[in-house]
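Please read all numbers here as calculations on a predicted model, not as lab measurements. Naming convention: chains lettered A, B, ... in sequence-line order (proteins, then strands); numbering from 1 in each chain.
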Amino acid sequence: MTFESIAGLYNYWVVIFLMMTGFYIVLARKNLIKSVIGLNIFQTSVFLLYITMGKVEHGTAPIVPPAIAEQQSHASHGVGENAHAAIEHADEAHEVVHEVAHEVALTVADHGGELAHASTEIIYSNPLPSVLMLTAIVVGIATTALALALVVRIREDYGTVDEELILELDRGE
Amino acid sequence: MIDAIFAHLPILLIVLPLMAAPCCVLVGNGRAAYLLALVVSFAAFACSVAMLGETLQHHVVRYELGNWSPPYGIEYRVDIFSGFVMAFVSGIGAIVLVYAPLSVRDEIPASKHYLFYATYLLCMTGLLGMCVTGDLFNVFVFLEISSLSSYALISLGRTRRAPLAAFQYLILGSIGATFILIGIGLLYQMTGTLNMADIAARVPHEHGPRTVLVAFAFLTVGLCVKMAVFPLHTWLPNAYTYAPSVVTCFIAATATKVSVYAFVRLIFGIITPGFAFDVLPLDTELMLFSLVGIFIASIAAIYQNNVKRLLAYSSVAQIGYMLLGISMATPTGLSAGIVHMFNHALIKGGLFMVAGCFALRLGSVQLSDWKGAGRTMPLTAIAWAIGGLALIGVPMTAGFISKWLLLTSAFETGRWPIAVLMLVSSLLAVVYVWKVVETLFFSEPSEAAAGATEAPLRMLIPTYLLIGATLLFGVWTPYSAGIARQAAIVLLGGTP
Amino acid sequence: MSPDHLIWISLALPLLAVGLIVLFGKSPDLRDGASGTVAGLLLIVVASLSIGVFSGKRPEWHLGEMLPGFEIAFRVEPLGMLFALVASGLWILTTAYAVGYMRGHHEIHQTRFFACFAIAIFAALSAAFSANLFTLFVAYEVMTISTYPLVTHHGTDEAKRGGRIYLGILLSTSIAFFMLAIVWTWSLAGTLDFQLGGILSTAVAENRISQTGLGVLIGLFTFGIGKAALMPFHRWLPAAMVAPTPVSALLHAVAVVKVGVFSVMKVCVYIFGLELLRETGVSLYLAYVAGFTLVVASLVAMTKDNLKARLAYSTIGQLAYITLGAMLATPNSVIGGGMHIAMHAVGKITLFFCAGAIYVAAHKKNISDMEGLGRKMPFTFAAFLIASVSIIGLPPGGGAWSKWFLALGTVETHQYLLTAALMVSSLLNIAYLVPIPMRAFMKPSKSEDESESETGNWFSNMQEAPAMCVVPLCVTAIGSVVLFFAAQWIYQALLPITAMPS
Amino acid sequence: MSAFPIIRIITKLLIPYILLFAFYVQFHGDYGPGGGFQAGVIFASALILYGLVFGLEAIQRVAPPIVIEKCMALGVLVYAGTGILTMALGGRFLDYNVLEHHVLPQWHIPSGQHLGIFLVEMGVGITVTAVMTMIFYAFAGRKQTQ
């Protein structure tokens with residue numbers, strides 16, 4: 001394993017470091033809030049894993065430049081425009097974007113011949129992982145919110161957020 | 001019109017409860033929300049039964065969301081297996097709702113009723129969605145929808161331990177979900193697609209590169225947490241014990257089963273059994289963990305004095321039986337695993353309902369408070385006895401069917417030591433079931449039990465529906481074991 | 001009516017009885033009347049069925065597949081027919097006796113009692129008529145479950161403990177051994193149907209199972225059928241003595257134990273095949289276990305002072321006779337075993353009826369308290385004596401013939417040790433049974449109302465149990481003598497099961 | 001915090017622009033970077049800022065919890081309703097293309113995709129705003145124990 005191969009995979013090293021940090025915090029911390037923080041770090045590492053995975057070297061954001069879009073709309077009666085319109089936004093509604101992203105790839109492939117002269121020098125990054133992560137982030141936020149809400153209730157009932165103390169209180173009942 | 005509805009069945013199944021949930025919030029009234037939820041859950045049940053019928057005829061029902069053709073768009077894909085699982089999940093969801101109102105009134109503050117029903121519907125949406133979708137990432141999304149709503153539902157329990165149980169479940173569940181997410185990501189990295197059928201076609205099976213192995217490992221561990229396979233089951237006993245009775249009925253009967261469903265899909269739909277069991281030694285490992293889990297959890301169940309916790313440990317053990325069947329990877333073994341998902345859902349749903357009836361009348365699920373309740377609440381107590389017999393696997397009950405199929409498949413594959421261990425383990429079930437039966441029928445009534453009256457009919461009828469079903473499907477199996485066998489054959493790549 | 005229909009009618013009748021009993025639960029007279037009527041009908045149906053069966057017909061009835069390849073089906077053959085006749089015939093008497101006993105004793109939960117009773121009879125008939133092992137197993141387990149509430153009828157701590165042992169042993173052995181053996185058989189033979197000559201010979205010929213394997217398999221069957229009460233799985237039987245006496249009569253004479261030994265015989269005859277067992281000799285070690293059981297059980301019986309406990313151990317011994325006959329697997333021994341099912345049933349039910357009658361009339365459980373009681377209860381003790389003679393195997397009791405054939409079997413196979421065991425056990429039978437009526441008749445009563453018995457005449461001194469109790473026990477006592485003379489008929493009926501497969 | 005005039009005034013100045021920006025992100029979302037989720041969070045941040053500075057009671061007068069709760073449901077309904085609409089018009093669930101020919105043909109609607117995504121984003125925006133605000137209410141509304 002050469003230095004290049006180690007350094008070239010730096011994104012994975014970051015991911016692994018974050019992942020293990022988060023995982024350790026979740027498992028080792030007895031403070032409920034800290035567990036939640038650990039969980040967040042853990043999840044974030046996965047977001048990074050996905051997003052770096054989607055990045056293509058020298059690729060740009062998958063937005064069809066206006067010049068090509070122009071040609072494309074001549075060629076395919078507005079399909080490109082639709083895709084153009086659809087692709088740039090992203091939301092938690094993974095269903096929508098997921099398909100649209102696929103459609104762009106499809107469109108580009110389908111009309112490859114016509115667009116060849118214009119699009120050969122354009123490399124797009126894969127937008128799909130980012131889109132997926134948007135959904136995952138929403139899930140993460142929901143989890144965090146719920147977890148914090150539970151912690152608030154636990155603290156109201158037990159007066160502490162330390163798991164060991166809580167278990168001791170329970171045992172004392 | 002009918003045709004139009006039939007064409008949209010797969011999505012209706014999801015959209016109905018999904019839309020009903022916000023409607024429950026909009027109406028903001030417990031009773032109206034209940035009625036809405038009841039209607040919708042029965043509609044979803046009807047949808048899934050209709051879809052099961054379709055799959056039995058045509059094997060696969062597809063639905064392309066937004067008319068984007070797969071693998072570019074999301075495809076909902078229902079085969080016999082998913083049809084079977086979603087039919088019993090929605091069916092039990094509906095029956096539990098019939099049972100719910102009195103218990104909910106007893107255990108949850110009135111101001112939260114409409115939110116409870118909304119969350120319940122969301123949980124159902126998630127579970128059904130997992131069965132219906134053919135897209136791997138969608139599985140994750142629906143898994144999290146159902147998990148998040150079940151965390152919330154569990155935290156509604158009466159005691160202060162409920163939020164803590166929910167929190168522990170949340171932490172472990174989220175770790176599991178994140179593992180699944182990692183696995184999905186790695187698979188996507190290898191294949192460039194999220195459609196399960198497409199992944200299956202593209203993933204290199206023979207000597208899979210390390211990425212596939214790692215992806216598979218992450219997915220397996222993640223799903224094992226959700227399934228509560230020993231030793232990743234630690235969240236389950238507390239969660240089932242401290243959740244409101246109705247929630248326990250529903251989650252115990254369905255949630256782990258749907259995770260098992262996802263696991264079966266993973267092994268038989270994406271990673272082929274050849275890769276999982278022949279290239280990798282997953283079958284040996286699954287059998288080992290299942291058997292150890294069965295024994296340890298059953299023994300733990302014997303020592304419980306809280307009946308809900310007893311049943312929870314028994315659930316951990318029963319998951320082991322399902323995995324045993326699945327790891328055989330023969331038509332009989334797989335169908336044993338599948339039919340046990342169904343049978344156990346009926347049995348455990350019924351038993352937790354009985355526990356709920358006692359909780360309502362006696363105000364406790366401690367065994368010591370149940371003493372002699374068989375005299376004042378004979379119908380409820382008899383329901384327990386029948387359900388208990390089914391759990392043991394006595395002939396003429398549903399539990400026997402799955403146990404019998406498991407045994408025959410163990411012999412078919414020449415694994416008779418497993419057969420022996422399985423039979424010995426089912427003796428442990430006799431002990432923990434009979435402990436409760438004796439307390440109910442042959443003890444001097446406790447204070448609470450002496451003054452108790454029979455559980456209300458509105459709870460007894462749904463309880464007996466499930467308990468009766470365990471008897472029915474113990475003698476008449478074309479629609480349980482029969483369908484499970486067809487599903488298993490399809491999963492193994494044959495035609496039924 | 002064709003014999004095929006008679007099968008399902010005879011199975012439906014006990015279930016009908018359950019329905020009627022529950023329906024009429026509020027009015028005892030109607031309930032017990034219905035129960036008795038149905039029992040009578042059942043005997044008629046079973047008897048008319050038997051005419052066809054003993055003349056060589058084999059009626060069948062298929063209920064349907066419970067699982068693909070595993071069918072609930074019924075097919076009547078002589079052994080099962082004999083068992084069904086015994087069970088349905090004794091059901092009438094037990095019902096009559098139970099009515100007298102339960103009312104004389106003011107027992108609670110009578111409706112539950114009679115309903116479970118009828119279910120047990122249903123299970124016994126299903127087992128008797130079963131066409132395959134699967135059906136037999138289902139019926140066997142239904143019987144275990146349905147008799148549990150009978151054993152724990154009183155609901156006391158003692159009853160609870162007894163019930164726990166009862167259910168624990170029967171359910172454990174059946175799940176851990178019996179079920180395993182069935183599935184093993186299925187994987188070897190591909191079928192579970194009872195066939196004359198057995199279904200395992202192909203597997204043996206193809207070397208798919210070794211001698212040792214075969215020995216283990218038959219061991220699993222014999223110990224797995226815990227109801228046959230072979231040592232060391234016999235503890236449930238004495239434990240079940242906490243039940244009311246009619247239940248003990250049913251358990252120890254008619255239904256439960258007989259289902260056990262009947263299943264053992266069926267497995268030997270129709271699953272293994274007598275020829276296979278004889279040729280390989282794999283079952284011989286079980287014959288020695290049975291021999292051990294029958295001697296030891298008789299010895300233990302002598303130590304028991306509680307009458308029901310003594311009878312329980314006597315039953316364990318007698319059951320071992322039947323198992324022994326099955327394991328020797330010669331035609332004579334199997335016929336002897338089959339005959340002993342009937343002979344012992346009639347004899348032992350009489351003894352239990354007597355024990356119950358004594359308890360109802362004099363409230364005495366222990367043998368030592370029964371001295372002199374014979375003068376007060378002459379009919380009861382006379383019946384006891386006659387039944388004892390039959391159990392011991394002396395003419396003119398029916399047991400003489402069955403023991404004769406069993407002894408023939410041991411000699412044929414040159415197992416003289418077992419012959420000796422049979423003889424010793426018979427001597428022990430005399431030692432623990434005969435003194436009971438002798439002491440009751442000969443010894444003077446220990447009770448203080450001596451003077452009364454001196455002055456009054458013989459008849460007015462009688463303090464028998466209610467007629468409903470005494471009449472059945474007299475009938476069964478006479479029956480055990482009648483069987484002595486009917487032995488030829490039973491022999492002829494059972495002869496087909498020893499035939500070579502055609 | 002309303003005791004500090006600088007904070008109060010700056011907040012009052014800022015909030016309209018935050019809201020405006022939220023709307024920009026929302027309505028630009030169907031053909032540029034943006035969308036309902038981001039817009040919803042931005043919109044909610046304005047509300048939360050108001051709540052932080054002027055107190056829970058003030059913000060609950062502006063956005064009563066009951067309304068927020070209903071909005072939470074409403075947004076999901078808008079989203080799913082769009083899907084139902086496309087099904088009612090003969091397409092598949094969320095098949096926006098059918099909207100093109102059926103809905104508002106006399107107006108200048110660029111395309112069915114455009115309209116469909118706009119509606120869906122609307123729903124998402126409403127829900128996210130409501131949920132974020134609701135979370136704030138849930139935590140801020142807790143009485144300090146002990």
Side-chain angles (χ1 to χ4, degrees), chain B residues 331-332 335-336 339 372 374-375 378 382 385-386 389 392-397 400-414 416 419-431 433-435 437-439 441-444 473-478 480-482 484-486, chain C residues 63-70 72 109 112 123 126 134-146 148-149 152-164 167-188 190 192 208 213 216 220 224:
Chain B
T332 320
S335 61
V339 81
R375 307 210 182 146
I382 288 173
I386 299 175
L389 288 176
I392 297 167
V394 168
M396 313 284 277
T397 62
F400 172 69
I401 300 292
S402 21
K403 201 155 284 176
W404 182 270
L405 283 173
L406 265 180
L407 268 183
T408 46
S409 69
F411 266 100
E412 265 176 9
T413 51
W416 59 267
V420 174
L421 288 173
M422 235 172 58
L423 286 172
V424 173
S425 71
S426 61
L427 296 181
L428 296 172
V430 179
V431 180
V433 166
W434 227 254
K435 188 171 109 169
V437 170
E438 275 187 357
T439 315
F441 287 99
F442 303 114
S443 294
E444 281 310 306
F473 289 110
V475 290
W476 181 74
T477 57
S480 58
R485 186 167 183 87
Q486 286 190 30
Chain C
L63 182 64
E65 281 193 336
M66 196 149 143
L67 279 170
F70 299 105
I72 297 290
H109 299 311
R112 183 178 83 186
S126 313
F134 189 72
T135 315
L136 181 70
F137 180 67
V138 172
Y140 181 94
E141 293 291 46
V142 170
M143 171 161 278
T144 310
I145 304 295
S146 66
Y148 172 75
T152 53
H153 187 82
H154 293 305
T156 56
D157 272 346
E158 197 196 351
K160 218 158 67 171
R161 203 165 36 247
R164 205 179 293 165
L167 197 76
I169 291 182
L170 290 187
L171 218 51
S172 310
T173 50
S174 70
I175 289 178
F177 302 143
F178 194 17
M179 198 163 161
L180 187 68
I182 293 174
V183 179
W184 191 357
T185 309
W186 178 81
S187 74
L188 286 174
L192 290 176
R208 272 183 290 140
V216 172
L220 283 178

Within a radius of less than 6.0 Å around CH2 of B:W416, do more than 12 heavy atoms belonging to other residues, nucleotides or ligands occur?
no
Interchain contact, [X] with chain C, by part (heavy-atom threshold 4.5 Å):
X      : result
B:T477 : both
B:V431 : neither
B:L427 : side chain
B:A419 : both

Heavy-atom contact with chain B under 4.5 Å, split by part of [X]:
X      : result
C:W184 : both
C:V142 : side chain
C:L188 : neither
C:I72  : neither
C:F178 : neither
C:F134 : side chain

One pair to check against side-chain contact (heavy atoms from CB on, under 4.5 Å): B:I392 and C:I175. What are the steps and the verdict?
CA-CA 10 Å; B:I392 297 167; C:I175 289 178; 3.9 Å; yes
Are B:W404 and C:F70 packed together at the side-chain level, in the sense that at least one heavy-atom pair is separated by less than 4.5 angstrom?
yes
